[in-house]
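Proteins get letters first, then strands, A, B, ... in listed order; numbering begins at 1 in each.
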2 protein chains.
Amino acid sequence: MARATLRDVARLAEVSPKTVSRVVNREAGVTPAKVAAVTAAIEKLGYRPNFTASSLRRANGRTATIGVVLENVANPFSSTLHRAMEDVAREHGVAILAGSVDEDPARERALISTFAGRQVDGLVVAPASGNQGYLTAEILGGTPLVFVDRPPVGISADTVVIDNRAGARRAVDHLITHGHRTIGYLGDLRSIATARDRLQGYRDALADEGIRPGPVVEDVHTESEAERAVHRLFAADRPPTALFTAQNLVTIGAIRALRSLGRQHTVALVGFDDFPLADLLEPGVTVVAQDPTAMGRLAASLVFRRLAGEQWEPAVHVIPTRLITRGSGEIQNAV
Amino acid sequence: MARATLRDVARLAEVSPKTVSRVVNREAGVTPAKVAAVTAAIEKLGYRPNFTASSLRRANGRTATIGVVLENVANPFSSTLHRAMEDVAREHGVAILAGSVDEDPARERALISTFAGRQVDGLVVAPASGNQGYLTAEILGGTPLVFVDRPPVGISADTVVIDNRAGARRAVDHLITHGHRTIGYLGDLRSIATARDRLQGYRDALADEGIRPGPVVEDVHTESEAERAVHRLFAADRPPTALFTAQNLVTIGAIRALRSLGRQHTVALVGFDDFPLADLLEPGVTVVAQDPTAMGRLAASLVFRRLAGEQWEPAVHVIPTRLITRGSGEIQNAV
DNA sequence: CTGAAAGCGCTTACAG
DNA sequence: CTGAAAGCGCTTACAG
């Protein structure tokens, strides 16, 4: 059974297509009798307007859809961003096309191209590594584009980020304050800009106090890699008395390792990124928390403000981080 | 700067629109010279095909987009479903419109209507409470529709669920095996079918052994409600020696309460739904786990099989659950 | 191998 | 208040 079209409704109601269009769009100035006839026909045929077709012809060409490109819709950080954007989008009657890129630049391009082909009105992108210069055409086409979580490379556009360097510095300062002088760093792929910034913050904090950087392990991307890295650190000569774990999966892997070594109550740990149940572990996990809800809301709002016609120079918007103390970061250095 | 159209490309390349169309769609039988001219024009104008417009005219009318209606894109269960469906969709070159309904039937209808208006090729719905009979028109329109997580009401369609009743029974059996005779139940809103099934499984297990149902608390929907409910249970006369918590937020709230009562190592607990870090708590949390990845993959596959033309009578597909023992459920009754 | 005409489902810009 | 004609960006169904 084929879907009924506006034409079918017009024929059944014995009016012109234009009149059906008026009724569907709630335009004023249609006789109540015709409204009734059209409404009845719509009901009878189970007619559903084809919004896609109407947006093709409509003056502004808007599809009331935006595209959201995330690292992985299933990870808590991404999905919280996603939900925040959805809430803003819903206020504007706009639907969301969402997808995951898993750190793969090729997937990022493919996804954005898919979304662009579906004529999204705007785009929010958490960029993978690599260059986003290929998006310039989008901007020239007038489609609002906002980056979130990480700054883009090769293009200037609105960007919503946190101050990763300052946040990391704060975390490491906290450990220094608790007497630690040998502080290990475990961080994500050095291809990721935010990972590099966090390492820099770690170095800043130590340099300020004239402390030699402890063991530094980069390119730790998964929980199990973090676990193995920590085992290696504590098998070595001069193990750290504290760890700064620069990403949430890394934090969790490190905790798992400390547990199996029986050191979770003696080695201090501060993680970057909050995660669910961090407060229920023993000890509770001290973290530098981002605010993905605020980030998502702001990113989406910027898109809608551009769509509403506001104009400004592309800018970087920095959302503050927050140190949440729960126990693991307050373990004093025994020495 | 307006977006270039296929016509613009045709003009610049000095060919007909049809030839541009052929090049864009990689149809064979175009002179290399014309292909080159068209390609150059596309490049020069930054032309991006309007997939929306082409699907309007294309024979099958497909938009290569499916709609996914979830309880909340940010909750771990929903987002894992989402990701699994995305992976299947990507294999088919299909994008996903996703949205959250937060248990609100009106939001469910609004979201589905939004998706239908954008001509999605198929729909996967985790239904809120209430009736889904209004979706019959979709089925008649030929749009594949699959329900996931909960069975729909008022309509017959493919459905992917777990056996909630059997899973709950399993959980409670486990507690009985460990000597418990006063087992409390804490469960979600009784308006939710799966919550009712889980309560039934709890009753089944106890009835089998001739044990009187312990304290039963229904309509516990959030973490803090669960926390308060547990405090109330243990302030009463005959507190349970074990708890069956029938949903993950309820489980977490209950654990928080047991902690603050200092009873987490003496009161046994089995939860329904696994959650991240359940193994890192002390004690580890024993759960009946669902497999949202398997559920999501199956639900999406059913949509694509229907789109490929396969036909069958709508059926209920049951994905098995699994008991994961981690400590909290193996606490013996001291009596 | 190439293109002119018609049409997908709808709205625009008019005319009456 | 209502509708006929044209057109949004593309593909179909032909004809050459």
What contact category does P17(B) fall into here, base, sugar-phosphate, or nothing, at under 4.0 angstrom with non-hydrogen atoms? nothing

Whole angstrom value for the distance that separates C1' of dC10(D) from CD1 of I42(B): 13 Å

Polar pair under 3.5 Å, donor/acceptor by atom type, side chain R48(B), base dG9(D): no

DNA chain D: E27(B) or L56(B), which has the more 5' nearest nucleotide? L56(B)

pair_partner(dA4(D)), Watson-Crick or wobble, both distances < 3.5 Å, evaluates to none

Evaluate the side-chain proximity of F147(B) to L135(B): yes if any heavy-atom separation is below 4.5 Å, no if none is. yes

Tell me: CZ of R62(B) to P of dT12(D), nearest whole Å? 14 Å

Nearest whole Å is fine: how far is dT11(C) C1' from F51(A) CZ? 12 Å

Contacts of R57(A) and S55(B) projected onto DNA chain D by closest heavy atom; the upstream (5') one is R57(A)

For the pair made of CG in N50(A) and P in dT11(C), what is the distance, rounded to whole Å? 9 Å

Starting at CG of N60(A) and ending at P of dG9(D), how long is that distance when rounded to a whole Å? 13 Å

Quick note, T19(B) side chain, CB onward, closest among dG9(D), dT11(C), dG3(C) is dG3(C)

Considering only side-chain heavy atoms of V30(A), which listed nucleotide, dC10(C), dC10(D), dT2(D), is closest? dT2(D)

Tell me, yes or no, whether the heavy-atom count around E43(B) atom CD, taken from other residues, nucleotides or ligands under 6.0 Å, exceeds 12. no

For D8(A) and dC8(C), give me the distance from atom CG to atom P, rounded to whole Å. 10 Å

Considering just the side-chain nitrogens and oxygens of N25(A), establish if one lies under 4.0 Å of OP1 or OP2 belonging to dT11(C). yes

Closest approach to the side chain of A59(B), judged atom by atom: which nucleotide of dT11(C), dT12(C), dT12(D) is it? dT12(D)

Is D158(A) salt-bridged to R306(A), cutoff N-O under 4.0 Å? yes

Side-chain ion pair, R109(B) and D104(B), N-O less than 4.0 Å: no

Does the side chain of S21(B) get closer than 4.0 angstrom to OP1 or OP2 of dT11(D) through an N or O atom? yes

Of the candidates dG3(D), dC10(C), dG3(C), the side chain of R22(B) sits closest to dG3(C)

Rounded to whole angstrom units, what separation is found between the CZ atom of R58(B) and the P atom of dT12(D)? 6 Å

Test item: I155(A) and N131(A) side chains (from C-beta on) under 4.5 Å apart, heavy atoms: no

On the nucleotide dC10(D), are OP1 or OP2 found under 4.0 Å from the side-chain N or O atoms that S54(B) carries? no

Starting at CD of Q119(A) and ending at P of dC10(C), how long is that distance when rounded to a whole Å? 18 Å

Has the side chain of R7(B) got a donor or acceptor that lies under 3.5 Å from a partner of the other kind on the base of dG7(D)? no

Short side-chain N/O contact to dT12(C) OP1/OP2 from K18(A), under 4.0 Å: no

Which is more 5' along DNA chain C, the nucleotide nearest T31(B) or the one nearest P49(A)? Just name the residue. T31(B)

Is R297(B) salt-bridged to D291(B), cutoff N-O under 4.0 Å? no

